Amino acid sequence: MEILHVTAECYPYAKAGGLADVAGALPKYQNGLGHIAKVVMPMHRTKFLLDNKWDTVHKGSFTMGHYFFDYTIIKEQTNKLGFDLYAVDIFGLFNREKVYGYDDDAERYTAFQIAVVDWISRWNHHPGVVHVHDHHSALVPFMMQNCFAYRHLASVPTVLTIHNAQYQGWMGWDKQNYIPAYDTWQWGKLDWNNTINPLASGIKCALKVTTVSPSYMDELKHNANGLEALFEYEKGKCTGILNGIDNQVWDPQTDTYILDNFSVKDVDAGKELNKKKLCEDFGLDIKKPLFIFIGRLVGEKAAELLPQSINDAVYHINGRMNFLLLGSGDPAVESELERMRSSLVGFYNSQIGYNEKLAHLMYAGADFLLMPSRVEPCGLNQMYALRYGTMPVVRSTGGLKDTVIDFGESGGYGIRFNQASVGDITYSIYRAVELYEDKKRMTLLRKRMMEIDNGWEVSAGRYIDLYRTIL
Ligand code: ADP
């Protein structure tokens, strides 16, 4: 089966969050199962683009409203990621540093989708499945089914995977002429609450909709940033398929970013050496349990609760722990976290920014990973942490609920709490600190965590089964 994934980001080419990790791994594992999975994404100007060799495979043009665009599709020559990777350049739209966050994102991503559909429409065969991801590519099913120029693609099965339903790509109806000429009777398939809502359009038009964990699928019927009723209405075609992790990239035995490689057999010693390096670099105390947070500093991750929770934990649990944070996002949270570096010397440190190497070292050297998320569609961090023997301390939501069992339950290995509140976070830190003193139990739980297999093999197969239902 030939599967074309359409995505805004893909690791290691360009990454802003978990979507990149999925787009960089799922196709590889689908190919491993004997299929032909390909990825097409915008030609972001990153180091990966410059460091690799590309062939030009197609050139075309289209109009979008009153704009006229030429586009070029290039393909990475060596297939080094384990799948064919295509990048789309559209003059003036993707020669930027970041993946998202520009005033013209609506124009950039609508143009990207038109270019992709235009390109597919010129293939001399049809792909088996077009699999789109999040709102940046969610207009593709509508365009394939309703735009006059592309209607010969209407029979190609489409799947939408929602990695995060908070962001929907809203556009005013004043931009309706951006969509290539379409059957205007079908305008309702673009609309939600009087705006063009690409994510809602994808949910309406794709033959199947998946979210990245079963619990998140359930939660969306009650909390979906305005789309609750749509999820309830379309529930018949919606499924939750838990993300996997790329066990080849995230392997403490071979990870080249960490100081000392280790396996389940020597987990305590291996983690100790990595922790030593972290503690030396960040002025922390190796004897105390090390709590980390890695991620976007935004409300979804309950990041604004971290400063108060850390302060409370240090003062009320007598400084029996250390914290190290890595992330970027809300400027107010960033500056508070920076400020605390001088008020909690020896107990806390942080690095504001994005740092892949440091993230790997932190998963390897830390004892506990904090994830108090308000919303967590799947969450990859907790799965990486488990693989590196670091205990996740998580709020019971979305994918966190599906992947972490509290150590108080039979077979458990993590810490779970219910409220995204300073009280629940601090109490969970207390539970973790107490557990840490029981060295034997800690070792047992670390081994238990590392033996869990959250690899992509199973989930990649589930997607294939899903495609078969619509072929
Ligand atoms: P989301 O996609 O909502 O941001 P996920 O848990 O699904 O969250 O994926 C986050 C990914 O991004 C993980 O691979 C995590 O290690 C990585 N990450 C997030 N912030 C940073 C950062 N500041 N530095 C390095 N890696 C980061």
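Keep in mind that what you see is a predicted model, and the values were worked out from it rather than measured. Every number for a ligand or one of its atoms is a count from 1 in the order of the listing.
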Could you tell me, atom by atom, which parts of ligand 1 come under 4.0 Å of a heavy atom of Gly295? 19 (C), 20 (N)
Side chains of Asn261 and Asp255 only: does a donor on one sit below 3.5 Å from an acceptor on the other? no
Trace of the salt bridge (charged side-chain N to carboxylate O under 4.0 Å, His left out) decision for Arg320 with Glu434: CA-CA 10 Å; Arg320 285 161 65 200; Glu434 290 285 301; 2.9 Å; yes
Considering non-hydrogen atoms of the protein only, which is the closest contact for atom 5 (P) of ligand 1, and what is the distance? Leu380 N, 3.8 Å
Tyr363, portion touching ligand 1 at heavy-atom distance under 4.0 Å: side chain
How does Asn164 reach ligand 1, if at all, at less than 4.0 Å between non-hydrogen atoms: by side chain, backbone, both, or neither? neither
Heteroatom proximity flag, Gly17 to ligand 1, N/O under 3.5 Å: no
When you measure from atom 13 (C) of ligand 1 to each heavy atom in Leu400, Asn381, Leu19, which option holds the nearest one? Asn381
Counting each atom of ligand 1 from 1 as listed, which ones have a heavy atom of Ala359 under 4.0 Å away? 25 (C), 26 (N)
Near Gly327 (heavy-atom distance under 4.0 Å), the atoms of ligand 1 are 23 (N)
Are any of the N/O atoms on Asn355, whether in the backbone or the side chain, positioned under 3.5 angstrom from an N/O atom of ligand 1? yes
What do you reckon, are the aromatic ring centroids of Tyr463 and His131 less than 6.0 Å apart? yes
Looking only at non-hydrogen atoms, which of Lys301, Gln351, His163, Met383 approaches atom 1 (P) of ligand 1 most closely? Lys301
In terms of side-chain heavy atoms, does Asp281 have a donor or acceptor partner in Asn349 at a distance below 3.5 Å? no
For ligand 1, which part of Lys15 has a heavy atom less than 4.0 Å away: the side chain, the backbone, both, or neither? side chain
Polar contact flag, side-chain donor to acceptor under 3.5 angstrom, Asp246-Tyr11: no
Counting heavy atoms not belonging to Asp103, are there more than 12 under 6.0 Å from its CG? no
Heavy atom of Tyr384, distance to ligand 1 below 4.0 Å: yes
Going by the order shown, which atoms of ligand 1 are within less than 4.0 Å of some heavy atom of Arg296? 1 (P), 3 (O), 4 (O)
Step through the shown structure and confirm whether more than 12 heavy atoms of other residues, nucleotides or ligands are within 6.0 Å of OH on Tyr427. no
Is it the case that atom OH in Tyr430 sees more than 12 heavy atoms from other parts of the structure closer than 6.0 Å? no
Look at atom 22 (C) of ligand 1 and say which protein heavy atom is nearest, naming residue and atom and giving the distance to 0.1 Å. Tyr354 CD1, 3.4 Å
Within 6.0 angstrom of Lys277 NZ, more than 12 heavy atoms from elsewhere: no
Would you check the N or O atoms of Gly18, main chain and side chain alike, for any that come under 3.5 Å of an N or O of ligand 1? yes
Proximal ligand 1 atoms for Gly353, defined as those under 4.0 Å from one of its heavy atoms: 22 (C), 23 (N)
Stepwise, does the ring-ring contact (aromatic ring centres under 6.0 Å, His included) test hold for Trp54 with Tyr13? CA-CA 13 Å; Trp54 303 79; Tyr13 183 145; 5.8 Å; yes
